[in-house]
Amino acid sequence: METLEKETQKTILGNLEQDMAYLNRVLDVDKNFDVIYRLVNLGGKNACMYLIDGFCKDEMMQKILQYFMDITPDEMPSDMHGLSKQFTPYVEVEIEDKFDTIIHFLLSGMFVLLVDGFDKALLIDSRTYPARSVEEPEKDKVLRGSKDGFVETIVFNTALIRRRIRSTDLHMELLTAGKSSRTDIVVCYMKGRVDEKFLEEVKRKIQNITVDALTMNQESLAECLYQRKWYNPFPKFKYTERPDAAAAQVLEGNIVILVDNSPSAMILPTTIFDVMEEADDYYFPPITGTYLRMTRFLIGVLTYLLTPTFLLLMNNPQWIPESFSFIMLKEEVNIPLIWQFLLLELAIDGLKLAAVNTPNMLSTPLSVLAALVMGEFAVESGWFSSEVMLYMAFVAIANYTQANYELGYALKFLRVLNLILTQLFGLWGYIGAIVLAVLGICCNRTVAHSSYIYPLIPFDWKNLKNRLIRRRLPGAFKGKNQ
């Protein structure tokens with residue numbers, strides 16, 4: 001491997017036979033059926049073209065090759081620069097003399113042309129990747145707004161953002177990571193709005209990644225960018241499959257990272273308020289958007305506190321006011337409540353995993369079967385109490401009010417911890433678990449080393465109002481009929 005890496009630093013010699021022999025050996029063209037090379041004659045000179053089958057546009061390459069082969073010896077330029085300027089009827093054209101760069105672009109899908117006597121290669125970017133159509137993402141659906149979403153092709157994703165921000169301040173820098181994969185990574189930001197110091201730190205970290213490949217795509221990149229503490233489950237990155245949401249974050253001065261083969265964008269830095277925002281907050285009038293946002297905050301708190309509070313009250317029934325006596329358990333408990341809650345927490349995740357892997361044709365009958373078994377029969381058999389099933393059903397459904405999966409599981413882990421501490425230490429365990437949860441949020445830091453709960457700490461009332469209340473767009477028209 002080291003010998004090959006040193007050899008790929010060679011440059012083109014201008015001798016077609018030697019250059020071809022080197023490329024054929026490195027690319028192992030006799031075994032790789034999808035690496036195609038063909039000898040042609042251009043203007044009386046021998047030439048060889050290389051391409052990856054399935055990446056190049058066949059019709060386009062046929063037209064360009066036909067144009068090349070019509071060049072007469074008298075018209076043939078003396079170097080590759082002249083050939084690219086005078087006789088290459090295409091827009092995206094480069095010339096290169098280093099073999100490592102040539103091989104990288106060739107394996108990315110570009111067309112490579114070598115001509116005998118020329119000390120540079122011609123690179124034509126006529127690549128096209130297999131891709132699905134641009135459609136609304138399954139995860140980030142909205143009631144209003146655009147219905148397009150990111151796909152696995154990075155060029156399509158940059159175009160979706162560029163379509164929404166027609167400004168010369170929008171910059172998209174292409175980087176690569178992974179020794180073997182050489183995955184394309186695009187860093188999107190607005191010049192003049194982004195934190196330049198943080199931007200340079202992010203680019204430096206990406207350039208210094210030494211992994212062999214980003215095997216888990218964005219998650220591998222996230223782990224390389226931020227060495228998080230394993231015991232703090234709160235998300236440090238926000239992911240979105242919506243181009244409009246990504247464009248809005250870029251305009252606010254954040255950095256958006258696009259990774260090839262991934263249909264979502266990474267947004268950083270991210271605070272707890274960023275994670276809880278959704279596109280629907282902005283596609284409705286301010287009063288409706290504020291209601292949706294506050295409802296999401298309230299339900300998030302309820303999903304954390306509901307079951308531990310119920311467990312605490314059931315262990316201490318004397319604390320329950322007379323007017324709330326209806327919450328008491330009606331039937332005899334066969335299994336301690338703490339075990340019922342923990343078993344259902346585990347069972348809900350099992351049902352989620354089963355739903356993901358269930359074929360579509362079987363999803364409906366299996367859903368009915370699971371509802372019957374986990375519902376009526378589970379209560380009648382004495383395994384679970386009806387009140388426990390009710391509260392866990394609310395928690396399971398309410399978790400989906402959070403679009404961010406990482407935040408949902410962070411609340412789940414804290415809820416399970418609260419249940420255990422409440423069972424072991426009663427009221428003090430309940431209070432201690434809440435204190436640990438608050439400290440886990442407050443002592444957290446973003447990727448940019450800033451406060452995770454800004455603008456609450458440090459306190460900024462103006463920004464805090466914007467985070468809690470959906471206000472109308474700044475700079476909106478103010479007329480007499482306002």
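- A salt bridge links Arg164 to Asp148: one of the charged nitrogens lies within less than 4.0 Å of a carboxylate oxygen.
- The backbone N or O of Asp281 sits nowhere less than 3.5 Å from a side-chain atom of Arg293 that would complete a donor-acceptor pair.
- With Ser264 as the partner, the side chain to side chain donor-acceptor pair (under 3.5 Å) test is satisfied by one option alone out of Glu152, Gln218, Glu241: Gln218.
- A search for side-chain hydrogen bond (donor to acceptor under 3.5 Å, both in side chains) contacts involving Glu196 returns nothing, not counting sequence neighbours.
- Partners of His171 under the ring-ring contact (aromatic ring centres under 6.0 Å, His included) rule, at least two apart in sequence or in another chain, are Tyr189.
- In this structure, Thr270 and Val275 have side chains that are in contact, with non-hydrogen atoms separated by less than 4.5 Å.
- Ile165 contributes atom CD1, which lies 11.5 Å from atom CG of Leu160 (distance to the nearest 0.5 angstrom).
- More than 12 heavy atoms of other shown residues, nucleotides or ligands fall within 6.0 angstrom of atom NZ in Lys465.
- Between Arg242 and Asp244, at least one side-chain N (NZ, or NE/NH1/NH2) sits under 4.0 Å from a carboxylate O, which counts as a salt bridge.
- Heavy-atom contacts from other residues, nucleotides or ligands closer than 6.0 Å to CD of Glu59 number 12 or fewer.
- Looking only at side-chain heavy atoms (C-beta outward), Phe237 and Ile257 stay at 4.5 Å or farther from each other.
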Under the criterion side-chain contact (heavy atoms from CB on, under 4.5 Å), I'd like the reasoning laid out for Lys85 against Val93: C-alpha separation, chi angles, the key distance, then a yes or no. CA-CA 9 Å; Lys85 294 295 183 183; Val93 177; over 6 Å; no
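- In this structure the side chain of Val186 never reaches within 4.5 angstrom of the side chain of Asn157, judged on heavy atoms.
- Between the side chains of Thr183 and Asp260, not a single donor N or O lies within less than 3.5 Å of an accepting N or O.
- How far CE of Met110 is from CG of Leu51: 12.5 Å, rounded to the nearest 0.5 Å.
- Counting heavy atoms of neighbouring residues, nucleotides and ligands inside a 6.0 Å radius, atom NZ of Lys147 exceeds 12 of them.
- Lys236 contributes no side-chain N or O that, together with a main-chain N or O of Tyr226, makes up a donor-acceptor pair within less than 3.5 Å.
- When the ring-ring contact (aromatic ring centres under 6.0 Å, His included) test is applied to Phe156, no partner is found at least two apart in sequence or on another chain.
- Atom CG of Leu39 sits about 10.0 Å away from atom CG of Leu114, to the nearest 0.5 Å.
- Atoms CG and OG1, on Leu292 and Thr290 in that order, are 9.0 Å from each other to the nearest 0.5 Å.
- Considering Thr446, Leu407, Leu456 in turn, Leu407 is the only one that fulfils the side chain to side chain contact (heavy atoms under 4.5 Å, CB included) rule with Ile272.
- Under the side-chain hydrogen bond (donor to acceptor under 3.5 Å, both in side chains) criterion, Asn418 pairs with Tyr304, Thr422, sequence neighbours left out.
- Nearest heavy-atom pair across Gly149 and Pro137 is CA-CD, 3.8 Å.
- Contact detail for Asp184 and Ile154: the closest heavy-atom pair is O-CD1, 3.8 Å.
- Contact of the Asn463 side chain with the Tyr454 side chain is registered, since non-hydrogen atoms from C-beta on lie closer than 4.5 Å.
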Could you go through the side-chain contact (heavy atoms from CB on, under 4.5 Å) check for Leu414 and Phe234 one step at a time? CA-CA 10 Å; Leu414 293 176; Phe234 287 97; 3.5 Å; yes
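- In this view, Tyr50 and Tyr37 satisfy the ring-ring contact (aromatic ring centres under 6.0 Å, His included) rule, not counting sequence neighbours.
- Between Ala177 and Ile209, the shortest heavy-atom contact is CB-CD1, 4.2 Å.
- The shortest non-hydrogen separation linking Tyr452 to Pro235 is OH-O, 2.6 Å.
- Shown here is Leu353, whose CG atom has more than 12 heavy atoms of other residues, nucleotides or ligands within 6.0 Å.
- Side chain of Asn24 to backbone of Ala21: no donor-acceptor contact under 3.5 angstrom is found.
- Under a 4.0 Å N-O distance rule, the pair Lys197/Glu201 does not qualify as a salt bridge.
- Atom CD of Gln62 has 12 or fewer neighbouring heavy atoms from other residues, nucleotides or ligands inside a 6.0 Å radius.
- A salt bridge links Arg467 to Glu277: one of the charged nitrogens lies within less than 4.0 Å of a carboxylate oxygen.
- Taking each heavy atom of Met266 and Tyr239 in turn, the nearest pair found is CG-CE2, 3.3 Å.
- Put simply, CD on Gln86 and NE2 on His81 are 9.0 Å apart, with the number rounded to the nearest 0.5 Å.
- Residues Leu65 and Met49 meet the side-chain proximity criterion, which asks for heavy atoms closer than 4.5 Å.
- Checked against Val202 for a side chain to side chain contact (heavy atoms under 4.5 Å, CB included), the options Val194, Leu175, Leu268, Asp195 give a single hit: Leu268.
- Between the side chain of Arg127 and the main chain of Phe105, no donor-acceptor pair closer than 3.5 Å is present.
- More than 12 heavy atoms of other residues, nucleotides or ligands shown are found within 6.0 angstrom of CZ on Phe297.
- Taking a cutoff of 4.0 Å between a charged side-chain nitrogen and a carboxylate oxygen, Lys462 and Asp460 do not qualify as a salt bridge.
- Counting non-hydrogen atoms of other residues, nucleotides and ligands closer than 6.0 Å to OH of Tyr400 gives a total of 12 or fewer.
- Asn32 places a side-chain N or O within donor-acceptor distance of the main-chain N or O of Leu27, the cut-off being under 3.5 Å.
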Mind running side-chain contact (heavy atoms from CB on, under 4.5 Å) on Val40 and Phe68 for me, showing each step along the way? CA-CA 9 Å; Val40 294; Phe68 281 155; over 6 Å; no
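- Taking 4.5 Å as the limit, some side-chain heavy atom of Glu345 sits within range of a side-chain heavy atom of Met392.
- Side-chain contact between Asp19 and Asp116 is absent, with no heavy atoms from C-beta onward closer than 4.5 Å.
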Using the side-chain contact (heavy atoms from CB on, under 4.5 Å) rule, take Leu42 and Leu113 through it: C-alpha gap first, then chi angles, then the decisive distance, then the call. CA-CA 11 Å; Leu42 305 181; Leu113 179 67; 3.7 Å; yes
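- Looking only at side-chain heavy atoms (C-beta outward), Leu468 and Phe273 come within less than 4.5 Å of each other.
- The minimum heavy-atom distance between Ser146 and Tyr283, with the atom names listed, is N-OH, 3.9 Å.
- Residues satisfying the salt bridge (Lys or Arg N to Asp or Glu O under 4.0 Å) criterion with Glu96, sequence neighbours excluded, are absent altogether.
- Geometric assessment of Lys352 against the ring of Tyr409 yields a positive cation-pi assignment under the 6.0 Å and 45° thresholds.
- Here the side chain of Arg296 pairs a donor or acceptor atom with the backbone of Met276 at under 3.5 angstrom.
- Taking CD1 of Ile267 as the start and SG of Cys188 as the end, the distance is 10.5 Å to the nearest 0.5 Å.
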